[in-house]
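To keep things clear, I will list the structure first and then write my remarks on it.
Hydrogens, waters and symmetry mates play no part in the numbers below; they use all other heavy atoms, side chains included. These figures come from a predicted structure and were not determined experimentally. Residue numbers start from 1 in every chain, and the chains themselves are labelled A, B, ... in the order their sequence lines are given, proteins ahead of strands.
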Number of protein chains: 2
Amino acid sequence: MKENPVKRKIVKTASNLFFQKGFHGTSVREIAKRAKVNVSAISYYFNSKQGLLEYAVSYYYEQYLRKLEETLYNAQQTEPLERLYELIFSIIQYKQENYQFTCFIQRELSMDSVFVREMVVTYLAKENHLLEEAFDAVFRDHMKLHKKRYIFMQLKGMLITPYVLHHWKDFVIGSYSSDLFVKHYVSHIKEWLDFVFEKYTSQPPSKNTNYI
Amino acid sequence: MKENPVKRKIVKTASNLFFQKGFHGTSVREIAKRAKVNVSAISYYFNSKQGLLEYAVSYYYEQYLRKLEETLYNAQQTEPLERLYELIFSIIQYKQENYQFTCFIQRELSMDSVFVREMVVTYLAKENHLLEEAFDAVFRDHMKLHKKRYIFMQLKGMLITPYVLHHWKDFVIGSYSSDLFVKHYVSHIKEWLDFVFEKYTSQPPSKNTNYI
DNA sequence: ATTTGTCGAGCGAATATTGCAGGATTCCTT
DNA sequence: AAGGAATCCTGCAATATTCGCTCGACAAAT
């Protein structure tokens, strides 16, 4: 990515436009115009518009998954619940750092195309696996399967809500810094998960961390 | 809508395609082809592709808001918490009945265009108002503003999660009937809200309803 | 007879992509 | 270190295709 300023500028501009108007809603001409590069440069670096998309998505997800794996690796010795919290923190933090592209991906994922299906098996399956494993380590023996699925779905929902409700986000949360939002939001999730933990395992959750 | 079979078929086919490929990803030719009508029919009935979209969206939202208002009207005398539950039930039920179009709208809403902005002020503002009013009636005096915003955001998140996470929905929830999903999911929300209610108002929630 | 609906052909504009020419840069050999 | 060759990059114009939409003819219904 860093290698070439033109390449980077194209990806950055494209991401911004995709976020605003969607993939099909933006033309390569407009990308080139806004990035102040020639149209041919896009074909040159990425072969096609689709290639540009795939490049950006790969870059996003490989960085993302690497970060999650690092987080889990560094928290190998900590207890399951704490490990889960740190994973959640990393997820929200990364999504917030790449806010626009996160929104865009989340939207594009709800389409039905061969590209989306490929993305699901290569990246989303892994993301889900990491999260579910960390989740299971906490709740495996304390919940019925049916219940567990709903709680897990609720957790996943909370991890994407800020990136699909973004018309209301500014209004609801207020417009403070990203870092502050991450802290507040993660501690909101934590509060909820602590309750779930207490309710289903009848143990008090750990108290030794505070993200605020 | 009912008035004309061709008109209806166009809207239905278009909704289906918009759901799969998005608005910009669908061409009028393909709509016409799949609906087995002539391309001109679309211009004839809706003036333009955009007109077709606006017609479908208006139809969807007007039916939706009417249903929510009816629900609230019929529950005028019931206590606030119960009223909120019934509103939630109506919301999920309607969204489930119009599953594909709900997904589509939810996705299109995260774009930035004059159309989306118009949609926000005409429909979403009202939807939010109804929900927030019912929510406020329960929690107004029991929560700090900051906390209330997060909980409300979480509720809104739960109302859209099944329609943005739909790649996982089948896997997570299993593939039983829509009606059954509505009941289960609403009672899951209810369980969560009961906890929130208990925690912040220090009163036991009502026990007289059971959606399962 | 007038309105209403359906049809295929086709228009102009916009789309992604490519060909080619020339400039810039890098790399290799002497 | 120098010069030349190969490669990388950019710019403009043109490509074929697809887009939304319209026209006028014709059929059906009122």
Side-chain angles (χ1 to χ4, degrees), chain A residues 1-59 104 107-108 111-116 118-119, chain B residues 1-59 104 107-108 111-116 118-119:
Chain A
M1 185 73 135
K2 308 264 169 63
E3 72 241 32
N4 193 316
V6 175
K7 205 171 172 183
R8 201 169 65 181
K9 198 157 62 175
I10 292 176
V11 172
K12 190 169 172 156
T13 312
S15 301
N16 192 4
L17 283 172
F18 289 164
F19 163 67
Q20 283 178 44
K21 317 175 146 196
F23 178 71
H24 288 291
T26 52
S27 68
V28 289
R29 290 176 149 81
E30 194 174 359
I31 297 172
K33 194 177 171 186
R34 293 233 193 158
K36 287 171 185 166
V37 301
N38 196 280
V39 256
S40 318
I42 293 170
S43 300
Y44 180 76
Y45 284 109
F46 307 101
N47 291 321
S48 64
K49 186 185 173 190
Q50 180 73 24
L52 167 56
L53 173 67
E54 285 168 17
Y55 179 88
V57 169
S58 297
Y59 186 82
F104 163 65
R107 180 203 309 151
E108 216 72 15
M111 307 256 195
D112 184 30
S113 64
V114 289
F115 173 64
V116 167
E118 281 172 12
M119 218 160 46
Chain B
M1 182 75 133
K2 308 266 170 61
E3 72 243 31
N4 192 315
V6 175
K7 205 171 173 184
R8 202 169 64 179
K9 197 156 62 173
I10 293 175
V11 173
K12 191 170 174 160
T13 312
S15 301
N16 192 7
L17 282 172
F18 289 165
F19 163 67
Q20 283 178 44
K21 317 175 145 198
F23 179 71
H24 288 291
T26 312
S27 68
V28 288
R29 287 178 152 83
E30 193 173 1
I31 297 171
K33 194 178 172 185
R34 293 233 192 157
K36 287 170 185 164
V37 301
N38 194 281
V39 251
S40 317
I42 293 170
S43 300
Y44 181 75
Y45 284 109
F46 306 100
N47 290 321
S48 65
K49 186 188 173 189
Q50 182 72 26
L52 166 57
L53 173 67
E54 284 169 16
Y55 179 88
V57 169
S58 297
Y59 186 82
F104 164 66
R107 179 205 307 150
E108 218 71 15
M111 308 255 196
D112 183 31
S113 65
V114 290
F115 174 64
V116 167
E118 281 172 13
M119 217 162 43

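- When the P atom of D:dT10 is taken as reference, atom NZ of A:Lys7 falls 12 Å away, rounded to whole Å.
- The main-chain N or O of A:Phe23 is found under 3.5 Å from a side-chain atom of A:Lys49 such that the two form a donor-acceptor pair.
- Going from atom OH of A:Tyr44 over to atom P of D:dC9 covers 4 Å, rounded to whole Å.
- With rounding to whole Å, A:Leu52 atom CG is found 16 Å from C:dT15 atom C1'.
- Here the NZ atom belonging to B:Lys12 is positioned 14.0 Å from the CZ atom belonging to B:Arg34, to the nearest 0.5 angstrom.
- Atom pair A:Lys36:NZ and D:dG11:C1' shows a separation of 17 Å (rounding to whole Å applied).
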Problem set entry | Annotated protein contacts, base or backbone, on nucleotides 13-30 of chain D with a non-hydrogen cut-off under 4.0 Å, one of B, S, - each | ------BBSBB-------

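- Using a 4.5 Å cut-off on side-chain heavy atoms (C-beta onward), A:Val6 and A:Lys9 make no contact.
- In this entry the distance linking CD of A:Glu30 with P of C:dT15 reads 8 Å, nearest Å.
- The shortest distance between side-chain heavy atoms of B:Ile31 and B:Leu52 falls below 4.5 Å.
- Taking atom NZ of residue A:Lys33 and atom P of nucleotide D:dG11, one finds them 16 Å apart after rounding to whole Å.
- Side-chain contact between A:Glu30 and A:Lys21 is present, with heavy atoms from C-beta onward closer than 4.5 Å.
- At a threshold of 4.0 angstrom between heavy atoms, the contacts of A:Tyr45 are confined to the sugar-phosphate backbone, with no base atom among them.
- Here the C1' atom of nucleotide D:dC9 and the CD1 atom of A:Ile10 are 11 Å apart, to the nearest Å.
- At least one side-chain heavy atom of B:Tyr55 sits less than 4.5 Å from a side-chain heavy atom of B:Lys7.
- Note on A:Phe46: nothing from the nucleic acid sits closer than 4.0 angstrom, heavy atoms only.
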